[in-house]
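Notes to accompany the following structure.
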Amino acid sequence: MTDPALRRTPLTPDERVRAEAGFVPLVTEHLRASGRFRITADSPEMVDLWQTVARQAGEALRRPVVSYANGRDIVIMFGGEPSNMPVSVTAQNES
């Protein structure tokens with residue numbers, strides 16, 4: 001017998017706000033330290049969350065920030081820097 005497919009419970013609006021508030025400082029810290037942040041974002045909801053975080057991190061840092069999602073991972077980095085992501089990028093956000 002196989003296990004049933006994993007079902008994700010969508011974030012509540014309050015959880016979403018708290019996630020954004022908590023992740024923006026983390027992403028800005030990683031961008032300052034290494035210029036890049038990578039995380040698994042394998043659902044449209046998580047891609048949207050992380051792209052919102054990327055936009056807010058760019059605003060906080062007062063620098064252009066881009067985010068690239070490939071259906072499994074999302075990479076957030078300063079705008080204008082080369083990426084190792086494949087050509088079939090599915091989403092991009094710039095501030």
Side-chain angles (χ1 to χ4, degrees):
M1 183 173 189
T2 61
D3 292 329
L6 176 67
R7 288 191 182 177
R8 295 182 186 193
T9 304
L11 296 174
T12 65
D14 182 58
E15 289 171 329
R16 169 92 185 208
V17 168
R18 287 185 291 136
E20 290 173 14
F23 291 144
V24 169
L26 174 70
V27 171
T28 57
E29 181 182 323
H30 277 269
L31 289 174
R32 283 186 185 123
S34 67
R36 158 179 196 140
F37 180 83
R38 182 179 186 140
I39 191 152
T40 299
D42 58 357
S43 72
E45 180 185 31
M46 289 295 102
V47 169
D48 184 61
L49 171 70
W50 285 106
Q51 287 182 329
T52 300
V53 168
R55 188 170 34 260
Q56 291 177 10
E59 291 169 4
L61 294 168
R62 297 182 180 166
R63 289 188 61 186
V65 170
V66 295
S67 57
Y68 299 95
N70 68 3
R72 192 184 91 201
D73 297 318
I74 187 164
V75 176
I76 302 169
M77 67 182 74
F78 290 117
E81 296 182 9
S83 169
N84 291 331
M85 295 299 290
V87 175
S88 61
V89 170
T90 59
Q92 177 176 338
N93 255 346
E94 286 194 55
S95 312

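Side chains are part of it too, since the values below use all heavy atoms of this structure and drop only hydrogens, waters and symmetry mates. Along the sequence shown, residues carry numbers from 1.
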Would you say V53 and V17 are hydrophobically clustered, going by side-chain heavy atoms of ILVMFWY under 4.5 Å?
no
Is there side-chain contact between [X] and [Y], with at least one heavy-atom pair below 4.5 Å?
X: L31; Y: R63; value: no
X: D48; Y: R16; value: yes
X: V65; Y: F78; value: yes

Determine the minimum heavy-atom distance between V27 and A57, stating which atoms define it.
CG1-CB, 3.9 Å
Could you tell me which non-hydrogen atom of L11 sits nearest to which non-hydrogen atom of M46, and how far apart they are?
CD1-CE, 3.7 Å
Between V66 and M77, does the side-chain contact (heavy atoms from CB on, under 4.5 Å) criterion hold? Intermediate values first, please.
CA-CA 6 Å; V66 295; M77 67 182 74; 3.7 Å; yes
Between [atom1] on residue [X] and [atom2] on residue [Y], distance to nearest 0.5 Å:
X: S34; Y: E29; atom1: OG; atom2: CD; value: 10.0 Å
X: L49; Y: I39; atom1: CG; atom2: CD1; value: 9.0 Å
X: R72; Y: I74; atom1: CZ; atom2: CD1; value: 13.5 Å

Identify, with sequence neighbours excluded, every residue that meets salt bridge (Lys or Arg N to Asp or Glu O under 4.0 Å) alongside R32.
none
List for me each residue that meets salt bridge (Lys or Arg N to Asp or Glu O under 4.0 Å) alongside E15, sequence neighbours excluded, and say none if there are none.
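Expected list: none.
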Applying side-chain contact (heavy atoms from CB on, under 4.5 Å) to V75 and F37, what does each step give before you reach the verdict?
CA-CA 6 Å; V75 176; F37 180 83; over 6 Å; no
Which pairs count as ring-ring contact (aromatic ring centres under 6.0 Å, His included) when at least one residue sits in residues 6-25, sequence neighbours excluded?
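The answer is F23-W50.
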